[in-house]
Engineer: 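Can you keep this structure in mind? I'll have questions shortly.
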Number of protein chains: 2
Amino acid sequence: MTARVTMRDVARAVGVSPMTVSRALRDDETVNEKTRHKIRQVANDLGYVYDTTAQAFRTQKSGFVAVTLPSINNANFAETFRGLSDGLGASGMQLLLGSTNYRVEKEEELVRQLLTRNPEAIVLTGGHHTDETRALLRARNLPVVEMWDLPTEPLGHVIGFSNAEAMAKLVTHLAESGRRRLGYIGASDLTDLRGAERRDGVIAKAAELGLPEVEFLDAGPAPVSMRHGAQAVSALGANLRSFDALVCVSDPVAFGVLSECRRMGLDVPGDIAITGFGNFEVASVSDPRITTIGVTAREIGEQVALLLEDVFAGNQRDGPRVVDVGSRLVRGETS
Amino acid sequence: MTARVTMRDVARAVGVSPMTVSRALRDDETVNEKTRHKIRQVANDLGYVYDTTAQAFRTQKSGFVAVTLPSINNANFAETFRGLSDGLGASGMQLLLGSTNYRVEKEEELVRQLLTRNPEAIVLTGGHHTDETRALLRARNLPVVEMWDLPTEPLGHVIGFSNAEAMAKLVTHLAESGRRRLGYIGASDLTDLRGAERRDGVIAKAAELGLPEVEFLDAGPAPVSMRHGAQAVSALGANLRSFDALVCVSDPVAFGVLSECRRMGLDVPGDIAITGFGNFEVASVSDPRITTIGVTAREIGEQVALLLEDVFAGNQRDGPRVVDVGSRLVRGETS
DNA sequence: TTGAAAGCGTTACCAC
DNA sequence: GTGGTAACGCTTTCAA
């Protein structure tokens, strides 16, 4: 167990000061080129490894960007993370990831934990947070980005879209195709706030269009996925026939609903229409293809990355930026 | 731009030394209970946030565990990550995640980057690495865990299973059900080494059982998913009829294959059998359910977490541990 | 039960 | 071009 090789050791070996080593390793032009070369070589020979922890400590810059996702096991969020990760790669920032399991209390705990690492910015999924979380973030002078939502009271920058508006597009489309008896299938409790926004959007638009009241079909606590959609349908049994359209909180749920409907002998979309959300791969590959809302998951991540680069470069002085990336109806064969 | 609140500030406010604050916040029993309480409260009031960077610097322990995944957008790897994350939560370790996009060169770059953060252990997915990666890891005296494979030359601990053996189970099952003309659908190039292992496993077992030579159907470069499976099938056209079973590298690919076969009017499993890998949710929800290989994705992560806890606690002195978590045939309705 | 001193490895700042 | 000094916030160690 040999002691760690530090700049001091390199400096001694070369016969310069640690300061010069520090400069040389950062390719500081003011250091004599030959010295620089020598230092690099000796550092290599000695097996010197740069200590990022010490740097982060000294400069008070961690090189981290903290990110919270509701779930890592969700193709949309994973794509956003990839877009963010790839986009931020150039600036040398590293992502510190945590998942909230769709709970604002978990988010608070997570934010607290992430903040101890001194991130240089924090990216939150969604616009709903506990008061404590908001206070924690305000206390720091930290760039904050909320994504995947258009919060009414943003904490900082926003790159998202309106879930209610997206659902309105679906409901309008269904109504125009003659559907009237809508059911909404989503997570049961109020933990999935984004899901609740979608539900409320459906209810509001249906009311506006004069459709009968939308029935809420409980698929269990968040996160809900394929199997929960299937279970919700099989729990309905013969009551299924009282609907002519099922609006689902996400594509995986819609796929479960679709499979179960077919197992039960229903014709989709003849007997019943089904819609999803998110334009997951399964929506476009399944037979029939699922009507859904296209969101630019990867682009959201990329845009956040671009925004953060501006922030880090000091090019974002004119207050928080709010970007609505929008969403679009993707017509499939289930409606 | 207020300055950061440190232990010093808390100490001053309470009227004790920073040392006592440090102890109190770590719930050191030797600190008077009342003092401890007071300190916690004042810390809260002042909005004090513990500085892990400083701790990491002082103690020379980063509190990080580095993890590489081929892709974050893969339900299996995401589950493994969750298992690892949840399992490691108690020990206070934070995961530092990076994805390799199924390329060993990218893995090397990633490992290099992750190592600058002084992780206390590193977890790699798969058993294939560049020589440089191996050298980098050997040079450090760092616990290494390889998962999702049983490498022939492990770098350290292993928690995985044999991909070839798993495929052998599938091929045996297909042969026993009277299938003979097998096609294998997977990623084209050699970058997805785990996929290549699966293919070789299929070919070997088929040969052993005296089946005709297995044909390789190229689904494009890794990562391949639903749409690639569908495309591979539609590219086959009428040649599809020359197979009576299609073995796919993963469930998403199998689902794409299944959908496209049905679009083309084939009866599954009447005309053709389809198998996947990984027991993804889509396999058990789709209609018909897809025959697949069940792997304990989440459990792999949990086991890695348990192993690492042992390592950190010093209870893992007797050489590297190698665990074969195995895999099992999950019969669906596509075979 | 509490505190003082020292130091982890790096870099900002100034001096030469 | 180069170097000395001090400091980032915490914890180990020893002393009281």
Side-chain angles (χ1 to χ4, degrees), chain A residues 1-40 42-43 46-64 92 113 115-120 139-141, chain B residues 1-40 42-43 46-64 92 115-118 120 140:
Chain A
M1 195 60 191
T2 55
R4 141 167 235 145
V5 180
T6 72
M7 286 189 181
R8 245 176 110 101
D9 301 317
V10 178
R12 246 198 298 260
V14 179
V16 294
S17 79
M19 203 47 240
T20 304
V21 174
S22 172
R23 284 196 264 253
L25 293 180
R26 276 175 294 159
D27 256 333
D28 187 329
E29 300 280 335
T30 69
V31 177
N32 181 301
E33 176 148 2
K34 265 188 260 177
T35 320
R36 235 152 66 201
H37 209 77
K38 181 93 186 280
I39 288 174
R40 284 206 165 279
V42 172
L46 293 182
Y48 170 77
V49 179
Y50 184 81
D51 187 341
T52 311
T53 307
Q55 180 198 41
F57 175 57
R58 166 68 239 222
T59 61
Q60 297 293 83
K61 284 183 186 291
S62 62
F64 283 127
Q113 191 200 109
L115 285 182
T116 71
R117 293 284 181 179
N118 289 320
E120 299 184 41
R140 292 267 181 133
N141 214 4
Chain B
M1 189 65 186
T2 53
R4 142 168 231 141
V5 181
T6 72
M7 284 189 182
R8 246 175 108 102
D9 301 317
V10 178
R12 247 198 297 260
V14 179
V16 294
S17 77
M19 204 44 242
T20 304
V21 174
S22 171
R23 284 196 263 253
L25 293 180
R26 276 176 294 159
D27 256 335
D28 186 329
E29 301 279 336
T30 69
V31 177
N32 182 301
E33 176 150 0
K34 264 188 258 176
T35 320
R36 235 153 63 201
H37 209 78
K38 181 92 188 280
I39 289 174
R40 286 208 164 276
V42 172
L46 293 182
Y48 170 77
V49 178
Y50 185 82
D51 187 342
T52 308
T53 307
Q55 180 198 41
F57 176 56
R58 166 67 235 222
T59 62
Q60 296 294 83
K61 284 181 186 289
S62 65
F64 282 128
L115 285 182
T116 69
R117 294 288 180 176
N118 287 321
E120 299 184 42
R140 295 266 183 135

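Chain letters run A, B, ... following the sequence lines, proteins first, then strands; residues in each count from 1.
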Engineer: Work out which heavy atom in A/Ala13 is nearest to a heavy atom in A/Val42; give both atom names and the distance.
Structural biologist: CB-CG1, 3.8 Å
Engineer: Hey, does the side chain of B/Gln60 come within less than 4.0 Å of C/dG9's phosphate (OP1/OP2), counting only N and O?
Structural biologist: yes
Engineer: Just the rounded figure in Å: distance from C1' of C/dG9 to CG of B/Asn118.
Structural biologist: 11 Å
Engineer: Starting at CZ of A/Phe57 and ending at C1' of C/dG7, how long is that distance when rounded to a whole Å?
Structural biologist: 10 Å
Engineer: In chain order, what residues pass the side-chain contact (heavy atoms from CB on, under 4.5 Å) check against A/Thr52, with sequence neighbours excluded?
Structural biologist: A/Tyr50, A/Gln55, B/Thr116, B/Arg117
Engineer: For B/Ile39 and C/dT2, what is the distance between atoms CD1 and C1' respectively, to the nearest whole Å?
Structural biologist: 10 Å
Engineer: Once you apply a heavy-atom cut-off of 4.0 Å, does B/Thr35 come out as touching a base, just sugar-phosphate, or nothing?
Structural biologist: sugar-phosphate
Engineer: Using ring-ring contact (aromatic ring centres under 6.0 Å, His included) as the criterion, list what pairs up with A/Tyr48, not counting sequence neighbours.
Structural biologist: none
Engineer: Between B/Val16 and B/Ile39, is the side chain to side chain contact (heavy atoms under 4.5 Å, CB included) condition met? List the steps.
Structural biologist: CA-CA 9 Å; B/Val16 294; B/Ile39 289 174; 4.1 Å; yes
Engineer: Give a yes or no on whether the backbone of A/Val31 and the side-chain of A/Arg36 come within a donor-acceptor separation of less than 3.5 Å.
Structural biologist: yes
Engineer: Identify the 5'-most and 3'-most nucleotides of DNA chain D with at least one atom closer than 4.0 Å to a non-hydrogen atom of chain B.
Structural biologist: D/dG9 to D/dT12
Engineer: Drop me the distance from A/Thr35's OG1 to A/Arg23's CZ, to the nearest 0.5 angstrom.
Structural biologist: 11.5 Å
Engineer: Which atom pair, heavy atoms only, marks the closest approach of B/Arg140 to B/Leu115?
Structural biologist: NH2-O, 3.1 Å
Engineer: Starting from P on C/dG9, measure out to CZ on A/Arg4 and report it in whole angstrom.
Structural biologist: 7 Å
Engineer: Can you tell me how far the OG atom of B/Ser22 sits from the CZ atom of B/Arg8, to the nearest 0.5 Å?
Structural biologist: 14.5 Å
Engineer: B/Lys34 has an atom NZ; how far is it from atom P of C/dT2, in whole Å?
Structural biologist: 11 Å
Engineer: Which residues in residues 6-28 of chain A have a heavy atom closer than 4.0 Å to any atom of DNA chain D?
Structural biologist: A/Val16, A/Ser17, A/Met19, A/Thr20, A/Arg23
Engineer: What dot-bracket string describes DNA chain C from 5' to 3', counting Watson-Crick and G-U wobble pairs whose defining distances are under 3.5 Å, with [ ] for crossing pairs and | for pairs to another strand?
Structural biologist: ||||||||||||||||
Engineer: Please round to the nearest 0.5 Å and tell me the distance separating atom OG1 of B/Thr53 and atom NZ of A/Lys61.
Structural biologist: 13.0 Å
Engineer: Tell me, please, which residues at least two apart from B/Arg40 pass salt bridge (Lys or Arg N to Asp or Glu O under 4.0 Å).
Structural biologist: B/Asp27
Engineer: Would B/Arg4 and B/Asp51 count as a side chain to side chain contact (heavy atoms under 4.5 Å, CB included) if you check the C-alpha gap in whole Å, the side-chain angles of each, and the deciding distance to 0.1 Å?
Structural biologist: CA-CA 10 Å; B/Arg4 142 168 231 141; B/Asp51 187 342; 3.6 Å; yes
